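Data block below; observations after.
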Amino acid sequence: MPIATTSPVTGEVIETFDELPAERLERCLELARVGAATMAATSPQQRAGWMSALATLLDAEADDLAATMTTEMGKPLAASRAEVAKCAAACRFYARHAAGFLAPEPVDAAAVGAAAAYTVYQPLGPVLAVMPWNFPLWQAARFAVPALMAGNVGLLKPASNVPRTALRLAELIGRAGFPAGAFQTLLIGADQVEAVLADRRVAAVTLTGSEAAGRAVAAAAGRYLKKAVLELGGSDPFIVMPSADVARAAAVAATARCQNNGQSCIAAKRFIVHTEVYPAFVRAFVDRMAALRVGDPMDPDTDVGPLATRQVRDDVAGQVADAVRHGASVLCGGTVPDRPGWWYPPTVLTGITPPMRIWSEEVFGPVAALYRVDSAAEAVALANGTAFGLGASVWSRDPEECHRFVTDLAAGMVFTNAMVASYPQLPFGGVKHSGFGRELSAHGLGEFCNVKTVWTAPG
């Protein structure tokens, strides 16, 4: 795929970008090596000052950054502004707390026969980040902010359809005061990722993306013995039990499915509803989905914009068509509009069965699959009956029932009576085919650290 900014609204190419030639890529890698030495010599307090400055820049330039994201990938402008604000909040969180996260951790020296014994956290060096297009600023920042605060440097390989956003992030990090080489955006193709990862100057890799991309990067990381963190796809269950506030659950469900035009790994995708409340939930949910306004993402009244690329739209349409061929019923949406651009309406399907692709595949667009169950045990079995294990949302006002779901669901994150979301304060990641490792919180900062044991002999 060429590196270009293309309007999802019209399908027209706005700007194209050349891939980095070999000699410039070599200079970037050498600058990263030098930058890593510089960053490792700085203190958490110095880095906190630069990170606070980055937050201020993000706030000051939020409107322009938001317009860039909406132009490149089609999310509503309000969602883009919220994404910028979230990045600024993450910067401030780590500016305040990273020094504490990185502080040496003493243990009982006498218990290990030492005069002193403790753990220190040191940076690994240059980290390659292969990032997607759906949250082009937040997902890059979700890696970059803790990695930089740990003293690492970042090499961002962005998705090919969001180059402007990626270049702006690198520019802002430089303007915030971080040393040369602390963070660079590499406009390279997917076919160059392994060569960069193989380079002796690159210490680790993180990827947010598809299962196929994760397998390829994990294989390469294993081949070159590089640390890897993977945040891959999800097919998150949204479970509604009889004691739930059904009206509220249905309202949140529509947001959870269609936020970011439905293009989110942690979007609710499989709606598993107890038979006692199934009719009421379905009525309210379908009404909410059908009422969402699809239109120009720059219009403040728009709820759902176009999908990011023609391929994404075609994939979603193909999954729905396959489900209908195998007997699924369409309760709303389900038809590609006859207009330029890459549009797909909020859609609700029922009657989902295993032969359908939608049963086992992630659907990366505003399409909801409804399932009816007769018990909590059946809900758990259906929720866990997928290769994915990223997030899960449970709706119940029974504390014991909620505890059971929290315990039994195979997921990296479980939210009760709320949609799944990401917060700088909490670790983010999944299990099974949804990846491994964690981002955010102290856990995410520690992923790209050498956790070093120090033991000092008595006397």
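These figures come from a predicted structure and were not determined experimentally.
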(request) Kindly write out the residues that satisfy salt bridge (charged side-chain N to carboxylate O under 4.0 Å, His left out) with Asp63, not counting sequence neighbours, or none if the list is empty. (result)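 Applying salt bridge (charged side-chain N to carboxylate O under 4.0 Å, His left out) to Asp63 gives Arg81.
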
Donor-acceptor check, side chain of [X] to backbone of [Y], threshold 3.5 angstrom: yes or no?
{"X": "Arg270", "Y": "Tyr371", "value": "no"}
{"X": "Asp59", "Y": "Ala85", "value": "no"}
{"X": "Gln46", "Y": "Ser43", "value": "yes"}
{"X": "Ser434", "Y": "Gly233", "value": "yes"}
{"X": "Glu83", "Y": "Leu137", "value": "yes"}
{"X": "Asn261", "Y": "Gly305", "value": "yes"}
{"X": "His274", "Y": "Asp374", "value": "yes"}
{"X": "Lys269", "Y": "Glu361", "value": "no"}
{"X": "Arg92", "Y": "Met51", "value": "no"}
{"X": "Thr16", "Y": "Ala4", "value": "no"}

(request) Start with the C-alpha distance between Val431 and Phe436, add both sets of side-chain angles, then the distance that settles side chain to side chain contact (heavy atoms under 4.5 Å, CB included), and finish with yes or no. (result) CA-CA 6 Å; Val431 296; Phe436 50 76; over 6 Å; no

(request) With sequence neighbours excluded, give me every side chain to side chain donor-acceptor pair (under 3.5 Å) pair touching residues 172-193. (result)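 Counting only pairs at least two positions apart or across chains, the side chain to side chain donor-acceptor pair (under 3.5 Å) contacts touching residues 172-193 are Glu61-Arg175, Glu171-Arg175.
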
If I take atom [atom1] from residue [X] and atom [atom2] from residue [Y], how far apart are they, to the nearest 0.5 angstrom?
{"X": "Asn417", "Y": "Cys402", "atom1": "CG", "atom2": "SG", "result": "5.5 Å"}
{"X": "Leu207", "Y": "Arg215", "atom1": "CG", "atom2": "CZ", "result": "13.0 Å"}
{"X": "Ile352", "Y": "Trp359", "atom1": "CD1", "atom2": "CH2", "result": "9.0 Å"}
{"X": "Leu440", "Y": "Phe93", "atom1": "CG", "atom2": "CZ", "result": "8.5 Å"}
{"X": "Thr309", "Y": "Glu72", "atom1": "OG1", "atom2": "CD", "result": "13.0 Å"}
{"X": "Leu230", "Y": "Glu211", "atom1": "CG", "atom2": "CD", "result": "10.5 Å"}

When you compare the side chain of [Y] with that of [X], does any pair of heavy atoms fall below 4.5 Å?
{"X": "Gln263", "Y": "Met73", "value": "yes"}
{"X": "Leu186", "Y": "Cys28", "value": "yes"}
{"X": "Phe388", "Y": "Leu232", "value": "no"}
{"X": "Lys452", "Y": "Thr119", "value": "no"}
{"X": "Leu65", "Y": "Leu172", "value": "yes"}
{"X": "Pro158", "Y": "Leu187", "value": "yes"}
{"X": "Val205", "Y": "Val127", "value": "no"}

(request) Look at the aromatic rings of Phe285 and Phe271 and report parallel, tilted or perpendicular, splitting at 30° and 60°. (result)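 Correct class here is tilted.
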
(request) Could you check Phe183 against Leu54 for side chain to side chain contact (heavy atoms under 4.5 Å, CB included), going step by step and ending with a plain yes or no? (result) CA-CA 13 Å; Phe183 189 90; Leu54 177 57; over 6 Å; no

With a 4.0 Å cut-off, would you call [X] and [Y] a salt bridge?
{"X": "Arg438", "Y": "Glu447", "answer": "no"}
{"X": "Asp315", "Y": "Arg357", "answer": "no"}
{"X": "Arg142", "Y": "Glu439", "answer": "yes"}
{"X": "Glu26", "Y": "Arg201", "answer": "yes"}
{"X": "Glu23", "Y": "Arg27", "answer": "no"}

Looking only at non-hydrogen atoms, find the nearest pair between [X] and [Y] and report the distance.
{"X": "Val202", "Y": "Leu155", "result": "CG2-CD1, 4.1 Å"}
{"X": "Asp303", "Y": "Pro76", "result": "O-CG, 3.5 Å"}
{"X": "Thr208", "Y": "Gln139", "result": "CG2-NE2, 3.3 Å"}
{"X": "Lys226", "Y": "Leu197", "result": "NZ-O, 2.6 Å"}
{"X": "Leu148", "Y": "Gly154", "result": "CD2-N, 4.5 Å"}
{"X": "Pro297", "Y": "Lys75", "result": "CB-O, 3.4 Å"}

(request) State whether the number of non-hydrogen atoms from other residues, nucleotides or ligands found under 6.0 Å of His443 atom NE2 is greater than 12. (result)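 Result for NE2/His443: open.
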
(message) How about CZ on Arg24, more than 12 heavy atoms from neighbouring residues, nucleotides or ligands closer than 6.0 Å, or not?
(response)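 Count not over threshold, so no.
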
(message) Apply side chain to side chain donor-acceptor pair (under 3.5 Å) to residues Thr68 and Thr165 and explain how you reach the verdict.
(response) CA-CA 6 Å; Thr68 298; Thr165 304; 5.7 Å; no

(request) Decide yes or no on side chain to side chain donor-acceptor pair (under 3.5 Å) for Ser422 and Lys86, but give the supporting numbers first. (result) CA-CA 10 Å; Ser422 56; Lys86 190 168 189 174; 2.7 Å; yes

(request) Could you check Gln122 against Cys449 for side chain to side chain contact (heavy atoms under 4.5 Å, CB included), going step by step and ending with a plain yes or no? (result) CA-CA 5 Å; Gln122 295 181 321; Cys449 287; over 6 Å; no

(request) Scan residues 107-150 for pairs that pass ring pair (Phe, Tyr, Trp, His ring centres under 6.0 Å), counting only residues two or more places apart or in two chains. (result)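 Sorted pair list: Trp133-Phe364.
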
(message) Applying the side chain to side chain contact (heavy atoms under 4.5 Å, CB included) criterion to Ile272, which one of Val394, Val240, Ile239 satisfies it?
(response)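 So, applying the side chain to side chain contact (heavy atoms under 4.5 Å, CB included) to Ile272 and each of Val394, Val240, Ile239, only Ile239 qualifies.
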
(message) Can you tell me which residue among Thr416, Val277, Val252, Val273 is in a side chain to side chain contact (heavy atoms under 4.5 Å, CB included) with Trp395?
(response)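 When Thr416, Val277, Val252, Val273 are each tested with Trp395, the side chain to side chain contact (heavy atoms under 4.5 Å, CB included) holds only for Val252.
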
(request) Indicate whether the side chain of Ser80 and that of Thr70 have a donor and an acceptor atom separated by less than 3.5 Å. (result)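 The answer is yes; a qualifying pair exists.
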
(request) Go through the side-chain N and O atoms of Thr386 and Lys432 and say whether any donor and acceptor fall under 3.5 Å apart. (result)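 The answer is no; no qualifying pair exists.
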
(request) I would like to know whether Glu401 and Ser396 meet side chain to side chain donor-acceptor pair (under 3.5 Å); could you show each step before the answer? (result) CA-CA 7 Å; Glu401 188 172 64; Ser396 169; 2.5 Å; yes

(request) May I have the step-by-step check of side chain to side chain donor-acceptor pair (under 3.5 Å) for Glu15 and Thr5, ending in yes or no? (result) CA-CA 5 Å; Glu15 184 180 7; Thr5 295; 5.0 Å; no

(message) Between Asp64 and Arg164, is the salt bridge (charged side-chain N to carboxylate O under 4.0 Å, His left out) condition met? List the steps.
(response) CA-CA 11 Å; Asp64 185 56; Arg164 285 181 173 178; over 6 Å; no

